[in-house]
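Before any comments, here is the structure.
Note that ligands are numbered from 1 as they come in the structure, with each ligand's atoms numbered from 1 the same way.
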Amino acid sequence: MIVFDSKEQLRAEIKALKVKNKRIGFVPTMGALHNGHLSLVEAGFKKTDVIVVSVFVNPTQFDNTEDLKKYPRTLEQDIILLETVSKNIIVYAPTVEDIYSNNVVSESFSFDGLEYEMEGKFRDGHFNGVGTIVKSLLEIVTPEYAFFGEKDFQQLQIIKKLVEKHKIPVKIIGCKIHRETNGLAMSSRNIRLTKEHKIEAPFIYKILKEAKLKFGTKSANKVTEWVTKEFEKNNLLNLEYFIIADTKTLKTVKRKHNKNTYRAFIAVYAGKIRLIDNIALN
Ligand code: PAF
């Protein structure tokens, strides 16, 4: 497996691969890889010959300096894990300077309002940071396909919008959420959970599944009230938001329409660790 820390070396390698008619897929990550990331890589190999995996903890998408400082960095382990999938993976693990030179700031984007919902309300500047890094990485890697997990469903929609608005020639593929057997959505942050929070965290998916059932017969408001009450009874998990939203606009649902599709989105604090999840409702 080749590991690059410089975009110039990576560009030269990709150029050589394209001359040999190799199709390039891309899985951007912030490292601390788990089976969810590996499933994106596997999805990538169904469509392309070589997968570039970037491992970069992007400073501009963090609104909380402690979260940025404590974000797990496990490059050696990440490489060992990727090697279990294929040798045809290129890891791009750049330094902050390689990406940002000396100017660690975000570009300002408009994502037609998608950026103001949910995560956008609670994480100031987050989607400008995500847009900045994903646009840079797509320009460096120039893949035919890029793969993103649906756990960050809002991010996925925003990246589709970014690519459309900036006419970036890549197909964005959303991949299903990968879960532990107890239902907890896989996340790099899970390794920072305390033992008792780890035991309690599957409650999040349990509530999402029950909310989905209730949404069959009840209004979005009623379901939201029920979820809020369930979390009030839970001493270990603090609900930040639960929202039932239209899948396309990500706007909170006021009244259900049969022709629209909806999803429930949730953000929860388990101690200091923030976990997000979502579920398709219809
Ligand atoms: O989803 C993530 O891990 C990050 O937001 C991404 C897409 C790698 C950009 O830093």
Salt bridge or not between Arg189 and Asp67? Use side-chain N to carboxylate O under 4.0 Å. yes
Atoms of ligand 1 less than 4.0 Å from Gln155 heavy atoms? 1 (O), 2 (C), 4 (C), 5 (O), 7 (C)
With no hydrogens and no angle check, is any side-chain donor or acceptor of Asp49 less than 3.5 Å from a backbone partner on Arg23? yes
Below 3.5 Å, N or O to N or O, backbone or side chain included: is there any such pair between Asn58 and ligand 1? no
Please list, in number order, the atoms of ligand 1 under 4.0 Å from a heavy atom of Gln61. 4 (C), 5 (O), 9 (C), 10 (O)
Of the protein's non-hydrogen atoms, which lies at the shortest distance from atom 3 (O) of ligand 1, and what is that distance? Met30 CG, 3.7 Å
Taking the side chain from Asn234 and the backbone from Leu237, do they hold a donor-acceptor pair closer than 3.5 Å? yes
Is a donor on one side and an acceptor on the other found under 3.5 Å between the side chain of Glu8 and the backbone of Ser6? no
Under 4.0 Å from one or more heavy atoms of Ile133, ligand 1 contributes atoms 9 (C), 10 (O)
Which of the atoms in ligand 1, numbered in the order shown and given with their element, are less than 4.0 Å from a heavy-atom of Thr29? 8 (C)
Anything under 30° is parallel, anything over 60° is perpendicular, the rest tilted; go ahead and classify Phe62 against Tyr71. perpendicular
What part of Ile159, side chain, backbone, both or neither, has a heavy atom within less than 4.0 angstrom of ligand 1? neither
Ile177 reachable from Ile172 in the ILVMFWY side-chain graph, under 4.5 Å edges: no
